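Bear in mind that the values here come from a model prediction, so they are computed numbers and not experimental data.
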Amino acid sequence: MEKQEIEQKIEKLEKVMTLPDFWSDKEKAQEIIKEIQNLKNELEGIGKYDKGDAVMTIFSGAGGDDSEDFSAMLLKMYFKYFKNKGWGYSILHQNQNDHGGYRNITIEIVGNFLSSLGPYGILKNESGVHRLVRISPFNANQKRHTSFSMVEVIPKFDKNNVDEIEIDEKDLKVELSRSSGPGGQNVNKRETAVRIVHLPTNLSASAEGERSQAQNKEKAISILKGKIFKALEDKRIEKQENMYISKTTEVTWGNQIRSYVLHPYKMIKDHRTGVETSNIEKVLEDGELDKFIEAEREL
């Protein structure tokens, strides 16, 4: 819907609100008020789930220990950012190596309702490939190495909105395994960790943070619904703007949205907005990401 159409529709609905019998049907009146708010959100570029919480997954690309260590660096950076925002978070699933790096990790992020946007609306444009250039701590010859990690941010679906995305059970492949996370003595005895694959799209989600298999399955399905929503949204934007969406799943050179260069000079640069800084410690250590995130939202 074009901006002018949205404005006209808001104006028309607001005139309806001035009618003497507007509140005679309270249910209908509430629906109109909700529709006006949704239209105003659309006008301001606020998506349906932008005020809600988020689920973030970090995947390591090619590069072995270096990329997995980079994923750990990104995780530390985001944890600091969440703390700065006053957000809570919990780990839903993780696959860690022997050096403290991560092959992949999934985190649930919960906002504090102090902002007009929630974690999903603020973080959604962090989705994409992140690139690190540095002297590898895993290379005895002290050679420069380039690593890649993929960040994926999806809306959190819970009991209030989980039914908005429908999935047919026959389209799901459920895989069970022993949990590597918290869960008490049953961790090594029972298969409580759950991975679910949506066969039509090949999208998958895992959860192991809950104590029971049923709870982990419910959590994995909610994550999967978030991934399906994001895939549909990316397709809609691509069709609407007739452009290639850079949030590709190919974690390789040329697809990065942001570069973190530690050698031979120090620079963090966002390739979509041109925003950059040489104060890499403030970003990686202190989680000061606001100027990157705000610039991307203004595009």
Side-chain angles (χ1 to χ4, degrees), residues 45-47 50 54 56-63 66-87 89 101-102 105 107 109 115-117 119-139 142-154 230 234 237-238 241 243-299:
I46 299 175
D50 284 7
M56 174 185 282
T57 301
I58 303 175
F59 307 90
S60 295
D66 280 284
S67 289
E68 291 163 12
D69 187 58
F70 179 36
S71 291
M73 291 168 64
L74 289 175
L75 184 67
K76 180 181 177 182
M77 175 185 77
Y78 285 120
F79 279 173
K80 191 67 177 179
Y81 181 74
F82 303 159
K83 184 179 179 181
N84 294 343
K85 289 288 184 185
W87 295 346
Y89 61 85
Y102 290 91
I105 183 165
I107 316 125
I109 308 142
S115 170
S116 59
L117 289 176
Y120 178 66
I122 292 172
L123 292 169
K124 64 181 182 180
N125 291 320
E126 288 296 286
S127 290
V129 178
H130 296 240
R131 167 180 169 251
L132 172 70
V133 181
R134 64 172 175 175
I135 297 295
S136 170
F138 303 99
N139 189 303
Q142 295 288 290
K143 288 187 177 181
R144 190 170 63 179
H145 187 87
T146 301
S147 309
F148 299 93
S149 289
M150 173 79 174
V151 175
E152 176 191 67
V153 181
I154 60 174
K230 183 177 180 300
D234 283 353
I237 294 170
E238 183 177 3
E241 300 184 359
M243 62 180 286
Y244 173 72
I245 302 302
S246 64
K247 298 174 180 65
T248 175
T249 55
E250 190 178 355
V251 192
T252 58
W253 181 278
N255 293 322
Q256 64 270 9
I257 62 168
R258 189 178 301 145
S259 290
Y260 306 73
V261 181
L262 310 188
H263 182 85
Y265 54 89
K266 293 186 176 183
M267 181 70 69
I268 297 176
K269 180 174 182 177
D270 196 292
H271 302 291
R272 301 161 297 179
T273 62
V275 171
E276 60 183 46
T277 179
S278 59
N279 195 341
I280 61 169
E281 288 81 11
K282 282 290 184 183
V283 178
L284 288 171
E285 299 293 329
D286 299 333
E288 293 191 5
L289 286 165
D290 280 329
K291 72 175 182 178
F292 292 102
I293 289 173
E294 288 167 10
E296 173 58 24
R297 280 176 52 204
E298 289 172 3
L299 282 182

d(Lys291 NZ, Thr277 OG1) to nearest 0.5 Å is 4.0 Å
Nearest-0.5 Å distance, CG of residue Leu262 to CD of residue Glu281:
8.5 Å
Would you mind telling me which of Ser259, Ser147, Ser149 makes a side-chain hydrogen bond (donor to acceptor under 3.5 Å, both in side chains) with Arg131?
Ser259
How far apart are the closest heavy atoms of Lys230 and Ser127, and which atoms are they?
CE-OG, 3.5 Å
Let's go through Tyr260 and Phe70 carefully: what are the C-alpha distance in whole Å and the side-chain angles of both, what is the deciding distance for ring-ring contact (aromatic ring centres under 6.0 Å, His included) to 0.1 Å, and is it a yes or a no?
CA-CA 10 Å; Tyr260 306 73; Phe70 179 36; 5.7 Å; yes
Could you give the distance from NE2 (His145) to NE2 (His263), rounded to the nearest 0.5 Å?
14.0 Å
I would like to know whether Val283 and Phe292 meet side chain to side chain contact (heavy atoms under 4.5 Å, CB included); could you show each step before the answer?
CA-CA 10 Å; Val283 178; Phe292 292 102; 3.9 Å; yes
Going by heavy atoms in the side chains, are His130 and Ile257 under 4.5 Å from each other?
yes
Please give me the minimum heavy-atom distance between Arg134 and Pro137, naming the atom from each residue.
CZ-CD, 3.7 Å
Just say parallel, tilted or perpendicular for the rings of Tyr81 and Trp87, cut-offs at 30° and 60°.
perpendicular
Are any of the side-chain heavy atoms of Pro264 and Arg144 separated by less than 4.5 Å?
yes
Please identify which of these residues, Asp50, Thr273, Asn125, meets the side chain to side chain contact (heavy atoms under 4.5 Å, CB included) condition with Arg297.
Asn125
Counting C-beta onward and ignoring hydrogens, is there a side-chain heavy-atom pair between Lys76 and Leu284 closer than 4.5 Å?
no
pair Asp66-Ser60: side-chain heavy atoms closer than 4.5 Å:
no
Please report the interatomic distance OG1(Thr146) to CG(Leu132), rounded to the nearest 0.5 Å.
8.0 Å
Taking all atoms of both residues into account, what is the closest heavy-atom pair of Asp286 and Asn84, and its distance?
O-ND2, 2.9 Å
Tyr89 versus Met56: any side-chain heavy-atom pair under 4.5 Å?
no
Evaluate the side-chain proximity of Leu289 to Arg258: yes if any heavy-atom separation is below 4.5 Å, no if none is.
yes
Spacing of CE belonging to Met150 relative to CD1 belonging to Ile58, to within rounding of 0.5 Å
11.5 Å
Quick check: closest heavy atoms across Ala295 and Val275, and the distance to 0.1 Å?
CB-CG2, 3.5 Å
Could you go through Leu74 and Glu126, starting from their C-alpha distance and side-chain angles, then the distance that decides it, and tell me whether this counts as side chain to side chain contact (heavy atoms under 4.5 Å, CB included)?
CA-CA 11 Å; Leu74 289 175; Glu126 288 296 286; over 6 Å; no
Nearest 0.5 angstrom please: Leu123 CG to Ile109 CD1, how far?
5.5 Å
